[in-house]
Protein chains: 2
Amino acid sequence: MQTRDEVLDAALRCLNADPTASMAEVAAAIGIGRATLHRHFATREALVHEIAQRSLERWERGQAEVDMSGVAASGDAERIEACLRTMLAAFVQDAEDFAYALSDPCMLSQPDLAARMAELQELEVKFFRAAQEAGVVRRDVPAVWLSHTTYGLMIASREALQSGDVAAKGMADLVVSTFLDGAGAR
Amino acid sequence: MQTRDEVLDAALRCLNADPTASMAEVAAAIGIGRATLHRHFATREALVHEIAQRSLERWERGQAEVDMSGVAASGDAERIEACLRTMLAAFVQDAEDFAYALSDPCMLSQPDLAARMAELQELEVKFFRAAQEAGVVRRDVPAVWLSHTTYGLMIASREALQSGDVAAKGMADLVVSTFLDGAGAR
DNA sequence: CTCAGGTGAGACACCACTGTCTCACAACAG
DNA sequence: CTGTTGTGAGACAGTGGTGTCTCACCTGAG
């Protein structure tokens, strides 16, 4: 007897590995019957919707845990930088969750999800603006580009981990360092 | 009467916008009948395979145009840096092509395509190693990570362009700058 | 003009997937 | 023991997509 969370976890893993997996395949990956999966989620759409919802909530929780908006409003460079480092590291941890949720075409077509996603991104952009004003990050690029960059590095970290090119242990530090310092020689 | 290339271009655009588009939808987007599309490509798989093939060829051509391997072998820091900048800019130009081809699950399961992709990536990693030895990029990160980073930034640039957050005109410079200098304040 | 070749619309068979439902069975509580 | 609840396997209907094929029509060459 699995909890709903366990079901969702396993479903996410399966769909991450193969976004085209059928409900029968998802059910098998979870270790339950297809009828049971349908009892949890009436439709495939409902399942995907809830997975995406969870990822957005995770994102939101991440922002709240480091009090991203509060730190941004403080204008304190040290706090902002610490907050940024923590968030980047958290993105690496959550890359597996987000990769599916943020790229699935079905999700982006759901108004509630797309709206929520835009809100969270806007909050993040505000944080980067504050980081610019505080002198933590460069001011000569659009703040929204910095948000896209973190997304790109999150995708990169996911791929590097999947292919075994980089050890999980140092991944977060690598992302933080790459984001802040770039790849050019010092 | 459209050429095969025009058909492929239009198909790629359609599938980029909606990877789940049916053959009927792809044909309509191209402006031809479905039967005609099938006359060009016997199966959906054949179409996708050829699109991916084209993207890989484009990637390969990009490497050849700047003589990436030759420049790497020269060990000349200035040439290597110029080559790197050119390639990064080219990635931004080609992001729309690559985004679909490099992420489609079907493609990654085709042995010939996956093998070719691995070869091209290995050549790129070799280039980054040479760039490290020449003192162009930092040596304290795995060269293969630099390859993943360029991929991540390519994805980021595609998203930024799609959402209209960044103007196409300055996109390439932004990617180059972000890659080399990072986001941290100077 | 005729003929050949290409095209798009539409029909058809097949298939995989989805959603729905039944039923036998297992587990648990009283 | 009985009764209740939950489960998985399997059957079924419906749907959308795929591949295949036919045919009327159009275009271009001779």
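The sequence lines fix the lettering, A, B, ..., with proteins before strands; numbering per chain opens at 1.
Residues A:V92 and A:R158 form no side-chain contact, since every pair of their non-hydrogen atoms from C-beta on lies 4.5 Å or further apart.
The CZ atom of B:R58 sits 8.0 Å away from atom CG of B:D97, with the distance rounded to the nearest 0.5 Å.
Nearest to the side-chain atoms of A:H38 among the listed nucleotides C:dT18, C:dT22, D:dT18 stands C:dT18.
DNA chain C is contacted by A:S22, A:M23, A:R34, A:A35 of residues 22-35 of chain A, taking any non-hydrogen atom closer than 4.0 Å.
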Check residues 68-75 of chain B and write down every donor-acceptor pair under 3.5 Å in which the side-chain atom is one partner and the other belongs to a residue at least two apart or another chain.
unit_1: B:S74; atom_1: OG; unit_2: B:V71; atom_2: O; d: 2.6
unit_1: B:S74; atom_1: OG; unit_2: B:D76; atom_2: N; d: 3.1

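Rounded to whole Å, the distance from CG on A:L37 to P on C:dT18 is 10 Å. In this structure, A:R44 atom CZ and C:dC17 atom C1' are separated by 9 Å, rounded to whole Å. Whole-Å rounding puts the A:F41 CZ to C:dT18 C1' distance at 16 Å. When rounded to the nearest whole Å, the span between CZ of A:R39 and C1' of C:dC23 equals 11 Å. Rounded to an integer number of Å, the gap from B:L47 CG to D:dG17 C1' is 14 Å.
Using modelled atom types and a 3.5 Å distance limit, the side chains of A:T3 and A:D5 yield no donor-acceptor pair.
Using cut-offs of 30° and 60° for the angle between ring planes, the B:F91 and B:W59 rings count as perpendicular.
No option in B:E60, B:E57, B:Q53 other than B:E60 meets the side-chain hydrogen bond (donor to acceptor under 3.5 Å, both in side chains) test with B:R116.
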